[in-house]
Amino acid sequence: MATVAILDEYLPTQWRERPEDLQPVEVAWAGTDLGALRAFLANERPTILALDVELLGEEPLAEVAR
């Protein structure tokens with residue numbers, strides 16, 4: 001099963017409303033706090049990262065590389 005971490009305001013809500021459309025993917029983390037996502041990623045390695053670029057700060061590419 002694939003796991004996903006979502007940094008976005010709206011996608012988690014859509015995911016919860018129609019989980020059957022997204023099988024076999026499990027949401028391992030969802031939120032809008034970049035610091036909380038960083039903390040999660042320190043210990044976990046999801047298969048997929050879904051990121052809202054606007055939430056990545058002033059240097060989004062550098063943040064993704066981190």
Side-chain angles (χ1 to χ4, degrees):
M1 174 180 295
T3 57
V4 63
I6 304 169
L7 180 70
D8 188 76
E9 185 173 349
Y10 301 105
L11 187 57
T13 300
Q14 294 170 350
W15 206 296
R16 282 190 297 274
E17 289 174 0
R18 299 188 58 100
E20 68 280 356
D21 289 350
L22 302 164
Q23 296 300 325
V25 176
E26 175 187 348
V27 177
W29 185 91
T32 58
D33 183 317
L34 182 56
L37 175 60
R38 282 189 202 126
F40 170 79
L41 293 175
N43 299 311
E44 302 291 332
R45 290 290 180 248
T47 310
I48 303 163
L49 291 175
L51 306 170
D52 179 342
V53 175
E54 292 179 7
L55 296 175
L56 293 175
E58 303 240 346
E59 296 183 21
L61 292 178
E63 190 61 48
V64 170
R66 278 188 278 265

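Residues take their numbers from the sequence shown, with the count starting at 1.
Here L61 sits alone; no ILVMFWY side chain lies under 4.5 Å from its own, so it joins no hydrophobic cluster.
In this structure, OG1 on T32 lies 12.5 Å from CG on L11, to the nearest 0.5 angstrom. Here CG of D8 is found 11.5 Å from CG of L37. Values are rounded to the nearest 0.5 Å. With rounding to the nearest 0.5 Å, the separation of OG1 in T13 from CD1 in I6 is 9.5 Å.
The main-chain N or O of E26 is never found under 3.5 Å from a side-chain atom of T3 such that the two would form a donor-acceptor pair.
Under the 4.5 Å side-chain heavy-atom criterion for Ile, Leu, Val, Met, Phe, Trp and Tyr, V4 and L41 are members of distinct hydrophobic clusters. Cluster membership for I48 and L7, using ILVMFWY side-chain heavy atoms within less than 4.5 angstrom, is not shared. Taking hydrophobic clusters as Ile, Leu, Val, Met, Phe, Trp and Tyr residues chained together by side-chain heavy-atom distances below 4.5 Å, F40 does not share a cluster with V27.
Using a 4.5 Å heavy-atom threshold, the side chains of L56 and L34 count as touching. Contact of the L49 side chain with the V64 side chain is not registered, since no non-hydrogen atoms from C-beta on lie closer than 4.5 Å.
The salt bridge (Lys or Arg N to Asp or Glu O under 4.0 Å) contacts involving residues 37-57 comprise R38-E63, where partners must be two or more places apart or lie in separate chains.
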